[in-house]
Participant: 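Could you have a look at this structure, given as structure tokens, before my questions?
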Amino acid sequence: MRIKLIAADPESAPTNSPTLYKTDRGSWIVQGWVVTDPEVLAEMGIPAGESCVEIPDRMVPLFAEGD
């Protein structure tokens with residue numbers, strides 16, 4: 001898989017995380033804050049082998065930059 005950096009959060013110093021990446025497989029990779037709240041994870045029903053990360057609203061418009 002190849003990835004292309006789309007956007008890093010300029011308001012999240014010093015690491016610029018969350019970060020958005022576009023893959024050559026027609027998908028996205030989102031680097032963000034690990035969701036660890038057991039109640040939230042139970043509500044989401046995350047299956048084994050999957051995970052989720054949290055990103056701020058300000059990052060959502062940046063997804064369009066990868067098209």
Side-chain angles (χ1 to χ4, degrees):
M1 173 187 343
R2 300 220 183 250
I3 62 172
K4 175 183 175 186
L5 173 66
I6 300 302
D9 185 356
E11 294 184 35
S12 184
T15 60
N16 290 333
S17 176
T19 307
L20 304 175
Y21 299 89
K22 181 76 171 140
T23 75
D24 63 349
R25 301 191 310 190
S27 61
W28 295 87
I29 297 175
V30 179
Q31 175 187 343
W33 306 299
V34 177
V35 176
T36 58
D37 184 317
E39 291 180 15
V40 171
L41 293 171
E43 184 178 338
M44 293 175 68
I46 303 295
E50 293 186 13
S51 186
C52 61
V53 297
E54 181 180 4
I55 64 169
D57 286 341
R58 66 181 172 264
M59 296 295 292
V60 173
L62 300 173
F63 274 98
E65 292 183 16
D67 290 337

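What you see is a predicted model; the values in this text were computed from it and never measured.
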Participant: Roughly how far, to the nearest 0.5 Å, is OG1 of Thr23 from NZ of Lys4?
Facilitator: 12.0 Å
Participant: Check whether any side-chain N or O of Asp24 sits under 3.5 Å from a backbone N or O of Met1 as a donor-acceptor pair, and report yes or no.
Facilitator: no
Participant: Working to the nearest 0.5 angstrom, can you tell me the gap between Ser51 OG and Leu41 CG?
Facilitator: 7.5 Å
Participant: I want to check something: taking the side chain as every heavy atom from C-beta on, are Ser27 and Tyr21 in contact at a cut-off of under 4.5 Å?
Facilitator: no
Participant: For Arg58 versus Pro61, what's the shortest heavy-atom pair and its separation?
Facilitator: O-CD, 3.6 Å
Participant: Between CZ of Arg25 and CD1 of Ile3, what distance do you get to the nearest 0.5 Å?
Facilitator: 11.0 Å
Participant: Taking atom CD1 of Ile29 and atom OG1 of Thr19, what is their separation to the nearest 0.5 Å?
Facilitator: 11.5 Å
Participant: Just verifying a value: how many Å separate Cys52 SG and Ile46 CD1, rounded to the nearest 0.5 Å?
Facilitator: 4.5 Å
Participant: Counting the benzene-type ring for Trp, do Trp28 and Phe63 have ring centres under 6.0 Å apart?
Facilitator: yes
Participant: Kindly compute the distance separating CG (Leu62) from CD1 (Ile6), expressed to the nearest 0.5 Å.
Facilitator: 9.5 Å
Participant: Do the non-hydrogen side-chain atoms of Gln31 and Ser17 ever get within less than 4.5 Å of each other?
Facilitator: yes
Participant: Is the closest side-chain heavy-atom distance between Asp9 and Met59 below 4.5 Å?
Facilitator: yes
